2 protein chains.
Amino acid sequence: MSSPSPKLALFEQFALVAKTLGHPQRLELIEQLGQGPRSVDMLAEKVGAPIANISQHLQSMRRAGLVAAERQGKYVVYRLADASVLAAMQAIQRVAENNLAEVDRIVRGYFGQRDSLEPITREELSDRLRDGMVTVLDVRPSDEFALGHLPGALNVPLDELDARLSTLDPDKDIVAYCRGAYCVMSFEAVSRLRVRGFRARRLEEGMPEWAAAGNAVAS
Amino acid sequence: MSSPSPKLALFEQFALVAKTLGHPQRLELIEQLGQGPRSVDMLAEKVGAPIANISQHLQSMRRAGLVAAERQGKYVVYRLADASVLAAMQAIQRVAENNLAEVDRIVRGYFGQRDSLEPITREELSDRLRDGMVTVLDVRPSDEFALGHLPGALNVPLDELDARLSTLDPDKDIVAYCRGAYCVMSFEAVSRLRVRGFRARRLEEGMPEWAAAGNAVAS
DNA sequence: CAATCATTCAATGAAATTATTGAATATATC
DNA sequence: GATATATTCAATAATTTCATTGAATGATTG
């Protein structure tokens, strides 16, 4: 083996992947695509940025192997290249959680005591689902629910929660979830439900993590 | 909760971590620190770059929570902030392995058939160690061996291998390891040993992964 | 205290990244 | 074929990142 070491070339490829994850909007795109495949204009709307800008980000993400695209009529639908992309984003979040004081400050300031809403693990939720005494509430927008959701989950988007409280069984415990660990919707939902006297808790993670753990996903 | 959503602030922090991983030399620094804590001038020598440049990279890595520094006399010793840093780098490598054709091309071109050297898993090596019929060879430079190594491993740096062949028991199987999955030293060592008639295989991963899996590390 | 070694800092110029804007391209519809 | 919609491309300016260089700082040694 006399060819030059591949080390540098490989590390340049690894660096390409990492730097492509190094922009907040691209991370939001991954979070969105974690809920299911989406078109460019839908992604632009979700992330709140101009379509041309989002398309540019998606091109760089495609080159870096983070997403794949396929044409469906006049739409181009993007999806995460594979499960390793979400895993990489979660690994990065772990580093930030463990080692960045600023993350701790943001989380304390907004989410309050992380444990104050008694986050429930997906293992614990699986157990609770078997005894049938818990209502699983998906508080994402209905288009994200349609892409995939926990089996038996009820879709009550956060902005409809107040109007639909009467449809919820007050005798059952409620577990609410949304897009992921740092999505605020389920925090908001659990707070509001508790004010109204419901026994509500928050699933620690989102739908993508549930799916990545091998659990069933309904649609 | 009426304060603005922390989402953007959090994703900016996550992006900071990712972009700090987005330079090949910083990834090499992580690989080196994965072998153990090191001073700036030692890291500069290992990575083959000017000290001022490496110091600059280390500052940005410290700000991003990837490394921690402590003064020991006139030396500043850097170490990985915690195990999540190595895990994040591995997650990024996974994405690249899975999804980048260029990585596949580099790996095929240099490493040949990945399976041609019969990589052995650390679980399998643990089993083999118990029956005592295998020589574990650490082919890293001796300073890295000193920082931590597999229990019972023999340190034969790659550049000394030819000179020390007579010290190896030809009746025992040999398992060689080095810094990690993409370190070429153990490939080289296994190739040379096989040419000389030894039954040699390569450990799939390096010392840091062995340690991260909870296995004992000797020093 | 001066000299040496190790490290960091600040300034600089080059390269890379990013958002914006308008044009170009592809598909669907009438 | 014209129009509308969806998406990408190319050019541009601003911002950020990176390597280099020499000065500054801190610890050790004589």
Side-chain angles (χ1 to χ4, degrees), chain A residues 8-9 11-30 32-33 36-79 92 143, chain B residues 8-9 11-30 32-33 37-79 92 102 143:
Chain A
L8 179 58
F11 274 52
E12 280 172 358
Q13 295 296 305
F14 302 153
L16 170 67
V17 171
K19 87 167 79 168
T20 308
L21 292 167
H23 189 293
Q25 273 182 344
R26 293 200 286 266
L27 293 178
E28 276 201 88
L29 289 168
I30 292 171
Q32 282 295 334
L33 291 171
R38 227 77 65 85
S39 67
V40 181
D41 74 285
M42 180 56 70
L43 287 167
E45 185 183 322
K46 288 284 182 178
V47 173
I51 289 170
N53 194 355
I54 292 303
S55 179
Q56 210 170 314
H57 283 304
L58 288 167
Q59 299 317 306
S60 72
M61 290 167 80
R62 193 158 50 75
R63 285 192 295 274
L66 300 185
V67 300
E70 79 178 314
R71 240 199 205 270
Q72 292 180 1
K74 63 183 187 180
Y75 293 95
V76 180
V77 172
Y78 282 86
R79 68 184 68 238
I92 284 160
D143 61 323
Chain B
L8 178 58
F11 274 52
E12 280 172 358
Q13 295 295 305
F14 301 153
L16 171 67
V17 171
K19 89 167 75 166
T20 307
L21 292 167
H23 189 293
Q25 273 183 342
R26 293 199 286 269
L27 293 179
E28 277 202 84
L29 289 169
I30 292 172
Q32 281 295 333
L33 292 171
R38 228 75 65 84
S39 66
V40 182
D41 74 283
M42 180 58 69
L43 287 167
E45 186 182 322
K46 289 284 184 178
V47 174
I51 288 170
N53 193 356
I54 292 304
S55 180
Q56 210 169 315
H57 282 305
L58 288 166
Q59 301 315 308
S60 71
M61 290 167 79
R62 193 156 52 74
R63 287 194 291 276
L66 301 185
V67 301
E70 79 177 313
R71 238 199 206 268
Q72 292 180 1
K74 64 182 188 181
Y75 292 95
V76 179
V77 172
Y78 282 84
R79 68 185 68 238
I92 285 161
E102 180 68 9
D143 61 323

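Note on naming: letters A, B, ... go to the chains in the order of the sequence lines (proteins, then strands), and numbering restarts at 1 for each one. Values in this document were obtained by computation on a predicted structure and should not be read as measured data.
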Within this structure, what is the CD1-CZ distance for the pair I54(A) and R26(A), rounded to the nearest 0.5 Å? 10.0 Å
Choosing from dA19(C), dA19(D), dG22(C), which nucleotide comes nearest the side chain of N53(B)? dA19(D)
Heavy-atom count around E102(B) CD within 6.0 Å, excluding the residue itself: above 12? yes
Rounded to the nearest Å, what distance is computed from the NZ atom of residue K19(A) to the C1' atom of nucleotide dT17(C)? 9 Å
With a 4.0 Å cutoff (strictly under), does any side-chain N or O of S55(A) reach OP1 or OP2 of dT7(D)? no
Q25(B) CD to dT17(D) P, straight-line distance once rounded to whole Å: 17 Å
Can you tell me how far the NE2 atom of H23(A) sits from the CG atom of L16(B), to the nearest 0.5 Å? 13.0 Å
Picking from dC9(C), dA19(D), dT8(D), which would you name as closest to the side chain of Q59(B)? dC9(C)
Enter the distance from I92(B):CD1 to T20(A):OG1 here, rounded to the nearest 0.5 Å. 10.0 Å
S39(A) has a side chain; which of dA19(C), dT7(D), dG26(D) sits nearest to it? dT7(D)
Ignoring backbone atoms, establish whether H57(B) has a side-chain N or O less than 4.0 Å from OP1 or OP2 of dT17(D). no
Between C1' on dT15(D) and NE2 on H23(A), what's the gap in Å once rounded to a whole number? 11 Å
Without decimals, in angstroms, what is the distance between L29(B) CG and dT7(C) P? 13 Å
So which nucleotide from dA27(D), dA19(D), dT8(C) ends up closest to the side chain of R71(B)? dA27(D)
For I51(B) and dT21(D), what is the distance between atoms CD1 and P respectively, to the nearest whole Å? 14 Å
Between atom CD in E45(A) and atom P in dT7(D), what is the gap in whole Å? 12 Å
Among dC9(D), dT8(C), dA27(D), which is the nearest nucleotide to the side chain of A52(A)? dC9(D)
How long is the gap from CD on Q32(A) to CG on L27(A), to the nearest 0.5 Å? 12.5 Å
Would you say Q56(B) reaches dT20(D)'s phosphate, i.e. side-chain N/O to OP1/OP2 under 4.0 Å? no
Whole-Å distance between dT20(D) P and I54(B) CD1? 10 Å
Whether K74(A) contacts dT7(D) is assessed here as follows: a side-chain N or O lying under 4.0 Å from the phosphate OP1 or OP2. Is that the case? no
May I ask you to say what R62(A) touches in the nucleic acid, namely base, sugar-phosphate or nothing, with a heavy-atom cut-off under 4.0 Å? nothing
Nearest listed nucleotide, side chain of Y78(B), among dT18(C), dT7(D), dT8(C): dT8(C)
Nearest-Å distance for atom pair CD/P, residues Q72(A) and dT7(D): 11 Å
CZ-CG distance between F14(B) and L21(A), expressed to the nearest 0.5 angstrom: 12.5 Å
Compare the minimum distances between each of dC18(D), dA6(C), dT8(D) and the side chain of Y75(B), then state the nucleotide with the smallest one. dA6(C)
Side chain of P50(A) only, please: which of dT7(D), dT20(D), dT20(C) is the nearest? dT20(C)
Specify the residue among R26(A) and G73(A) whose closest nucleotide of DNA chain C lies further upstream toward the 5′ end. R26(A)
